[in-house]
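Heavy atoms only: backbone and side chains are in, while hydrogens, waters and symmetry mates are out. Note that the structure is a prediction, hence the values are computed from the model and not measured.
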Amino acid sequence: MPNIKQGVKMINYIPKQGKELSKEEIKKLIEENHVKFVRLQFVDINGMVKNLAVPAKQIDKILNNELMLDGSSIKGFRSIETSDMYFYPDRSTFAILPWREKEGKWNVARIICDIHNADGTPFEGCPRCNLKRVIKEAEEMGFVMNIGPEAEFFLFKKDENGFPTTCTHDKADYYDVGPDDKGEDIRAQIVDNLEQLGFEIEASHHEAARGQHEVDFKYADALTAADNIVTFKYAVKASADKFGLHATFMPKPIFGINGSGMHCNISLFDIKKGKNAFYSEDSAYQLSKEALYTIGAILENVKDFTAITNPTVNSYKRLVPGYEAPVYIAWSLANRSALIRVPAKRGNATRVELRSPDASCNPYLVMAVLLTVAMEGIKNQIKPPLQTEENIYDMTAKERKRSHIDSLPGSLNEALALMKKSKIVKKALGEHIFNEFVTAKEIEWDRYRTDVSPWEINEYLEKY
């Protein structure tokens with residue numbers, strides 16, 4: 001990374017995730033790195049990134065929580081009668097965006113914010129504030145949840161007008177190398193950008209489908225993991241755009257090939273004992289009762305929270321047999337046809353992998369639900385069924401029924417119907433987010449239900 005360009009210093013700051021900076025440190029970084037704008041970033045209930053760009057000269061107002069937003073203009077926030085809200089920046093998330101450097105002249109920083117009410121209290125409809133509430137409840141029980149996400153994405157070409165197509169950037173396969181894998185340079189740029197944002201990157205590779213990729217980064221506590229997912233998606237899209245490509249986390253953009261998931265590797269840290277609560281050397285499979293209760297609770301409640309982990313109409317085009325996506329509600333030590341898998345590593349690396357989520361989700365809502373479900377499992381000692389060693393994809397419907405293996409919801413409509421009856425999901429999200437999410441998704445489903453698709457035109461127009 002060059003130090004000087006056109007006589008001006010480039011970015012010379014790499015944040016340490018979780019380290020809160022003082023106001024003076026942020027001001028110094030802004031001055032040393034020639035930051036001209038600070039983007040105050042947050043998400044709506046759908047997990048879409050929103051931001052307010054503020055001149056860096058206003059940094060005192062930013063850090064003193066003096067900047068306001070109109071909550072009535074944000075999906076799932078406030079009505080027009082009570083719309084005044086405030087940005088509360090989290091100083092540990094200050095970072096300089098490496099792809100926003102303007103030819104050595106100036107830089108752009110971002111800081112992730114919580115949204116508070118006019119009276120200064122946390123807004124119950126802010127997904128990040130809600131997750132903090134759930135995290136505090138878990139800490140009172142003695143646990144911190146760590147999550148390592150694996151978000152897959154596609155790279156598509158753009159047309160002559162700059163709009164994305166569904167023409168993949170390459171036709172490579174799983175773990176292929178260049179020149180077949182044309183994404184090597186793009187992934188290298190993504191990794192470089194993420195490292196400048198403080199990520200610890202573990203690996204990157206081409207995925208199973210043509211044009212599909214994955215970049216893996218280190219696990220973190222639930223709040224940091226949610227922040228990281230949002231930042232990761234932002235960085236991937238920005239990096240791809242520099243190469244004239246469109247990156248998408250849409251779960252199933254192309255019929256007939258694998259979709260993109262966001263497997264979540266989950267573990268609990270025991271605060272009092274200071275160790276991974278999922279590991280027990282003398283227990284069966286070396287899994288503690290907390291690990292088994294978490295598995296049991298996820299399996300018992302997954303149908304109710306699938307609308308959160310898989311929140312779009314398109315999500316359910318991925319969750320079908322035949323494309324390596326989990327469909328059947330079971331768990332296993334190694335069997336990748338099961339919804340939950342327990343990777344082989346033990347000790348501090350002991351974890352369970354939930355394979356159903358996709359990256360169209362709002363990660364703050366997903367983390368809140370998973371943490372709430374895990375705590376309910378431990379409190380109520382919800383035991384899982386026996387693990388499934390068979391390839392569930394090869395089992396007949398009768399064999400699955402005999403083994404008591406149920407299926408995930410088959411559509412967003414079905415998932416919403418189950419969610420609306422769920423007390424545990426409402427507890428995880430709070431009443432405001434729960435109601436706003438259901439309303440928004442029911443509208444989305446109705447728009448889909450009444451739309452006339454190209455498939456229908458091709459199938460019926462001449463026939464009838």
Side-chain angles (χ1 to χ4, degrees), residues 43-48 76 127 147 149-154 209 212 225-226 229-230 233 248-255 257-266 298-331 336-341 352-373 406-422 424-426 428-429 433-434 436-449:
V43 299
D44 64 14
I45 60 168
N46 287 327
M48 303 304 294
I147 297 188
E150 301 171 7
E152 299 163 337
F153 58 94
F154 280 88
Q212 189 182 40
I229 292 168
V230 171
K233 291 169 66 176
T248 182
F249 293 88
M250 181 179 177
K252 186 81 168 186
I254 302 176
F255 171 74
I257 64 175
N258 288 16
S260 292
M262 189 183 74
H263 300 171
C264 290
N265 293 274
I266 305 163
I298 291 174
L299 294 177
E300 183 174 288
N301 292 283
V302 67
K303 292 175 69 173
D304 292 350
F305 66 71
T306 296
I308 300 299
T309 54
N310 307 87
T312 69
V313 168
N314 184 254
S315 296
Y316 299 85
K317 306 293 177 74
R318 167 182 167 256
L319 295 176
V320 295
Y323 299 99
E324 300 183 21
V327 181
Y328 305 115
I329 302 173
W331 76 284
R336 292 177 185 268
S337 67
L339 176 72
I340 293 177
R341 188 177 75 92
V352 300
E353 180 188 44
L354 177 63
R355 299 169 60 79
S356 57
D358 66 61
S360 69
C361 70
N362 181 330
Y364 299 100
L365 303 190
V366 170
M367 304 303 165
V369 166
L370 292 179
L371 185 49
T372 300
V373 167
D406 202 354
S407 300
L408 292 175
S411 69
L412 178 60
N413 187 46
E414 184 183 341
L416 286 171
L418 291 165
M419 175 180 159
K420 287 196 293 185
K421 300 175 184 177
S422 174
I424 195 168
V425 177
K426 181 175 281 190
L429 302 183
I433 293 177
F434 183 91
E436 291 290 340
F437 183 91
V438 168
T439 298
K441 290 300 170 179
E442 285 182 332
I443 292 171
E444 183 176 331
W445 173 259
D446 198 56
R447 285 170 48 224
Y448 169 73
R449 181 185 64 82

Heavy-atom closest pair (Pro253 atom, Met250 atom, distance to 0.1 Å) is CD-O, 3.4 Å
When rounded to the nearest 0.5 Å, the distance separating CZ of Phe153 from NZ of Lys233 is 12.5 Å
Closest non-hydrogen atoms of Asp446 and Arg449, given as atom of the first, atom of the second and distance, are OD1-NH2, 2.7 Å
*List the steps, then state whether side-chain contact (heavy atoms from CB on, under 4.5 Å) holds for Val438 with Met419.*
CA-CA 8 Å; Val438 168; Met419 175 180 159; 3.9 Å; yes
Correct closest heavy-atom pair for Ser315 and Thr312 would be OG-OG1, 2.8 Å
In this structure, CD1 of Ile308 is separated from OG of Ser422 (nearest 0.5 Å) by 9.5 Å
SG (Cys361) and CZ (Phe249) are apart, to the nearest 0.5 Å, by 11.0 Å
>> Between Arg318 and Pro326 (side chain of the first, backbone of the second, donor and acceptor by atom type, cut-off under 3.5 Å), is there such a pair?
In response: no
Note, Val352 side chain near Arg341 side chain (heavy atom, < 4.5 Å): no
The reported gap from CD1 in Ile298 to OG in Ser356 (rounded to nearest 0.5 angstrom) is 8.5 Å
*Counting only N and O atoms by type, is there a donor-acceptor contact under 3.5 Å from the side chain of Asp358 to the main-chain atoms of Ser360?*
yes
message: Could you tell me if the side chain of Glu150 sits less than 4.5 Å from the side chain of Met262, heavy atoms only?
response: no
| task | Look at the side chain of Lys441 and the backbone N and O of Ala307, then say whether any donor-acceptor pair between them is shorter than 3.5 Å. | result | no
* Within the distance-only criterion (no hydrogens, no angle test), does the side chain of Lys426 pair as donor or acceptor with the backbone N or O of Phe434 below 3.5 angstrom? -> no
CD1 of Ile147 to SG of Cys264, rounded to nearest 0.5 Å, is 5.5 Å
List the atom pairs, donor and acceptor, that lie under 3.5 Å between side-chain atoms in residues 362-372 and the rest of the protein, sequence neighbours left out.
unit_1, atom_1, unit_2, atom_2, d
Asn362, OD1, Tyr364, N, 3.0
Asn362, ND2, Asp44, O, 3.0
Asn362, ND2, Ile45, O, 3.0
Tyr364, OH, Asp227, OD1, 2.5
Thr372, OG1, Ala368, O, 2.8

| task | Determine whether Glu442 and Leu416 make a side-chain contact, defined as any pair of heavy atoms from C-beta on separated by less than 4.5 Å. | result | yes
Output for pair (Leu299 CG, Trp331 CH2), nearest 0.5 Å, gives 9.0 Å
Is it true that the side chains of Thr306 and Thr309 contain a donor and an acceptor less than 3.5 Å apart?
no
Does Asn310 offer a backbone N or O that forms a donor-acceptor pair with the side chain of Tyr316 under 3.5 Å? yes
query: More than 12 heavy atoms of other residues, nucleotides or ligands under 6.0 Å from OH of Tyr328: is that the case?
result: yes
Closest non-hydrogen atoms of Asp304 and Val425, given as atom of the first, atom of the second and distance, are O-CG2, 3.6 Å
Which of Glu152, Lys252, Gln212 passes side chain to side chain donor-acceptor pair (under 3.5 Å) with Ser260? Answer is Gln212
Please report the C-alpha distance between Asp406 and Lys303 in whole Å, then the side-chain angles of each, then the deciding distance to 0.1 Å, and finally whether the side-chain contact (heavy atoms from CB on, under 4.5 Å) criterion is met.
CA-CA 9 Å; Asp406 202 354; Lys303 292 175 69 173; 2.9 Å; yes
